[in-house]
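In this text, all values refer to a predicted model and were calculated from it rather than measured experimentally. Within every chain, numbering begins at 1; the chains are lettered A, B, ... in the order of the sequence lines, protein sequences first and strands thereafter. Only heavy atoms go into these numbers, but all of them, side chains included; no hydrogens, no water, no symmetry mates.
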2 protein chains.
Amino acid sequence: MRSAALKTAARETSGAARNLEDLVGYRLRRVGALVIKELGGIFGAVGLAPGQFSILMLIGAHPHSSQSDLALLAGVDRSTLVPVIERLLTLGYITRLQNESDRRAYRLQISTAGRRAVEKATPLAESFERRVTKGFAADDKRRLLIALQQIEESLTSAG
Amino acid sequence: MRSAALKTAARETSGAARNLEDLVGYRLRRVGALVIKELGGIFGAVGLAPGQFSILMLIGAHPHSSQSDLALLAGVDRSTLVPVIERLLTLGYITRLQNESDRRAYRLQISTAGRRAVEKATPLAESFERRVTKGFAADDKRRLLIALQQIEESLTSAG
DNA sequence: TATTGTTATACTCTATAACTATA
DNA sequence: TATAGTTATAGAGTATAACAATA
């Protein structure tokens with residue numbers, strides 16, 4: 001029986017995607033789903049799903065954005081935001097005013113209640129982040145963030 | 001106006017999750033969804049969704065597994081597999097025989113057609129993998145895979 | 001014509017709870 | 001009792017196509 005190191009070397013040189021576990025795409029898909037599941041419990045404390053919470057934070061960071069602006073920032077289609085915005089309005093976490101210079105569009109803004117929700121959930125999110133990056137040196141985390149950002153760029157530019 | 005490097009340094013020392021973009025959890029969620037979307041077009045060539053294809057590969061790599069065995073390997077609930085298995089059976093990509101020593105369970109096996117589908121999709125998956133890891137040194141990719149594996153372990157062990 | 005937001009629809013991924021048949 | 005597989009249901013994520021209102 002060969003050692004694990006040798007087997008890995010054999011895989012690396014084979015060039016073929018024989019082992020699912022060695023595919024970044026496969027791992028990202030699994031880990032992404034896992035993160036959504038875990039974050040669900042965390043943001044549930046303020047009545048939001050993970051994606052909804054991230055939109056709330058984006059609105060806080062980009063006041064007076066339109067929904068189309070937000071869609072660009074979040075990397076999703078405009079239509080994806082409609083139920084999210086509705087949820088945030090229902091909970092009173094954001095306000096939505098007509099943009100008077102362009103009455104097709106809105107100006108979104110986080111509310112006081114929205115800020116409170118963010119403040120309440122932030123320590124939970126930070127705790128989750130520590131759990132995710134447990135055992136990572138600061139440099140490991142930095143490199144991982146850069147890698148993930150690079151991948152997103154590779155996948156969004158030039159299909 | 002401070003430089004980007006200085007702003008980054010300020011963020012790192014703040015300790016707070018003020019910037020969504022610096023959260024590994026957030027990036028993983030976005031990238032994971034993006035990967036699913038992109039892989040959808042690729043595996044569509046053999047009539048499968050990304051998750052379905054990965055189960056097909058697992059069956060090929062672990063002949064005579066039961067559905068419960070597979071659920072463990074894939075990191076999902078048994079119930080999640082039911083429609084996947086049904087799809088693979090419908091396409092004739094796997095066979096399912098009763099386990100005679102335990103008639104509650106099945107023995108799953110990839111079929112010739114299933115192998116052909118894997119062979120057809122593999123170069124496409126490899127091409128996607130190259131696109132994902134574009135600009136990555138071999139070491140970068142290795143580190144990324146290790147990091148993702150570590151994260152999955154952190155998130156599955158000890159809620 | 002082009003854009004903003006909306007609707008209707010669909011598809012991917014996942015889980016929980018309760019059921020059946022076997023063990 | 002416990003396990004293998006199933007069903008029904010739910011809820012997370014996402015998109016496309018077509019529409020009204022406005023630019």
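Counting to the nearest Å, the C1' atom of D:dA21 and the CD atom of A:E100 are 15 Å from each other. We find that CG of B:L39 is positioned 16 Å from P of D:dT14, with the value rounded to whole Å. The nearest whole Å value for the distance from the CD atom in B:E38 to the P atom in C:dT12 is 15 Å. Following rounding to the nearest Å, A:L89 (CG) and C:dT6 (P) show an atom-to-atom distance of 9 Å. One atom, OH of A:Y26, and another, P of C:dC13, lie 12 Å apart when rounded to the nearest Å. Distance, A:L70 CG to C:dT4 C1': 13 Å, rounded to whole Å. Summarising the geometry, the separation between CG on A:D69 and C1' on C:dG5 is reported as 13 Å, rounded to the nearest angstrom. Rounded to whole Å, atom C1' of D:dA17 lies 11 Å from atom CG of A:D77.
In this model, the phosphate group of D:dT6 is approached by a side-chain N or O of B:Q67 to a distance below 4.0 Å at OP1 or OP2. Distances shown here put a side-chain N or O of A:R96 below 4.0 Å from the OP1 or OP2 atom of C:dT6.
Residues B:L56 and B:V82 do not share a hydrophobic cluster, clusters being chains of Ile/Leu/Val/Met/Phe/Trp/Tyr side chains in contact below 4.5 Å.
Judged by distance alone, with hydrogens and angles left aside, B:S79 brings a side-chain donor or acceptor within reach of the base of C:dT16, the pair sitting under 3.5 Å. With hydrogens and angles ignored, a donor-acceptor pair under 3.5 angstrom links the side chain of A:R104 to the base of C:dT3.
Looking at every heavy atom in both residues, B:D22 comes nearest to A:K141 through O-CE, 3.9 Å.
Here CD1 of A:I36 is found 12.0 Å from CZ of A:F43. Values are rounded to the nearest 0.5 Å. The CG atom of A:L91 lies 10.5 Å from the CD atom of A:E86; values are rounded to the nearest 0.5 Å.
Side-chain atoms of B:R29 and A:S54 form a donor-acceptor pair, as typed in the model, at a separation below 3.5 Å.
Between A:Y106 and B:G51, the one whose closest nucleotide on DNA chain C sits nearer the 5' end is A:Y106. Comparing A:R78 and B:A33 against DNA chain D, the residue whose closest nucleotide sits nearer the 5' end is B:A33. In this structure, B:V76 and A:I85 both approach DNA chain C, and ranking their closest nucleotides by distance from the 5' end singles out A:I85.
Listed nucleotides: D:dG13, C:dT12, D:dA15. Nearest to the side chain of A:T80: D:dA15. With distances taken from any side-chain atom of B:S66 to the nucleotides C:dA15, D:dA12, D:dG5, the minimum falls on D:dG5. Nearest nucleotide to the B:A49 side chain, out of C:dT7, C:dT4, C:dC13: C:dC13.
Backbone-only engagement by B:D102 is indicated by non-hydrogen atom pairs under 4.0 Å involving sugar-phosphate atoms exclusively. Counting any heavy atom pair closer than 4.0 Å across all strands shown, A:R103 reaches sugar-phosphate atoms only and no base atom.
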